[in-house]
Amino acid sequence: QKEVEQNSGPLSVPEGAIASLNCTYSDRGSQSFFWYRQYSGKSPELIMFIYSNGDKEDGRFTAQLNKASQYVSLLIRDSQPSDSATYLCAALISGGSYIPTFGRGTSLIVHP
Amino acid sequence: DAGVTQSPTHLIKTRGQQVTLRCSPKSGHDTVSWYQQALGQGPQFIFQYYEEEERQRGNFPDRFSGHQFPNYSSELNVNALLLGDSALYLCASSLAANTGELFFGEGSRLTVL
């Protein structure tokens, strides 16, 4: 079964620190990767996507992709309490369907 | 510009009943996908509609069915409800079928007693 794996956490970091969220995937044919943020009781919101190996930066967020290691990460610099949420990793699984497959999400807590 | 809207937001049903959930996609989007999210889990893909047809389906039984209307809005129907169907049902719209760039509605929280 083609899967996306995330540590459920919670990951607790102090305000101002770098939060590092990780995700691995099983299908080597996966080509596109997405990070969604989901606040408690709310729906997921797309914050980053990455298609190529390397880093992609957007403000305080950096997505990193290593296809050889089948590893995706999201770094949040200068973490704020408002970043406290569950972060969902999703991959477009190949094999004809190209439907996003989500991990279970990592809960991030940023404490003042 | 209205985003994705879903109704109802909350509902309670008993085992064996049937439920219909509704979704209007974001303006300009013609593809609608439905996901089920159990507590503490990631969203699980149910099916996707494009041009009023079911294009893709996840690993859900036939009790789950859907429809897309000419205005791109969509319905999710679940028959013979089970306790395990209790979850947040998310509708997501997108500009294309094969994309991970999804816009989610606020969801319909279903409780089956």
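The sequence lines fix the lettering, A, B, ..., with proteins before strands; numbering per chain opens at 1.
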Between the side chain of [X] and the main-chain N/O of [Y], is any donor-acceptor distance below 3.5 Å?
X        : Y        : result
Gln68(B) : Glu52(B) : yes
Gln6(B)  : Cys91(B) : yes
Gln6(A)  : Cys89(A) : yes
Gln37(B) : Gln41(B) : yes

### Summary
Partner of Tyr35(B) under side chain to side chain contact (heavy atoms under 4.5 Å, CB included), picked from Pro100(A), Pro44(A), Ser43(A), is Pro100(A)

#### Entry: Contacts of Arg63(B) that satisfy salt bridge (Lys or Arg N to Asp or Glu O under 4.0 Å) - sequence neighbours left out
Asp85(B)

### Query
Honestly curious: do Met48(A) and Tyr87(A) fall in one hydrophobic cluster under the side-chain, below-4.5 Å linking rule?
yes

### Message
Let me check something: do Phe49(A) and Leu88(A) share a hydrophobic cluster, defined by ILVMFWY side-chain heavy atoms less than 4.5 Å apart, either directly or through other members?
### Response
yes

### Message
Strictly less than 4.5 Å between heavy atoms, which residues of residues 67-86 of chain A line up against chain B? Please order them by number.
### Response
none

### Task
Pull out the residues in residues 103-112 of chain A that come under 4.5 Å of chain B, heavy atom to heavy atom, sorted by number.
Gly103(A), Arg104(A)

### Query
Going by distance alone, is a donor N or O of one side chain under 3.5 Å from an acceptor N or O of the other, for Thr20(B) and Asn77(B)?
yes

### Proximal to chain A - members of residues 99-113 of chain B, heavy-atom separation under 4.5 Å
Thr99(B), Gly100(B), Glu101(B), Leu102(B), Phe104(B), Gly105(B), Glu106(B)

### Message
Is any side-chain heavy atom of Thr101(A) closer than 4.5 Å to one of Ile99(A)?
### Response
no

### Query
Should the ring pair Phe33(A) and Tyr25(A) be called parallel, tilted or perpendicular, given that the plane angle runs from 0 to 90° and is split at 30 and 60?
tilted

### Task
May I ask you to check whether Tyr49(B) and Phe47(B) place their ring centres under 6.0 Å from each other?
yes

### Message
With a 6.0 Å cut-off on the ring centroids, do Phe102(A) and Tyr36(A) count as close?
### Response
yes

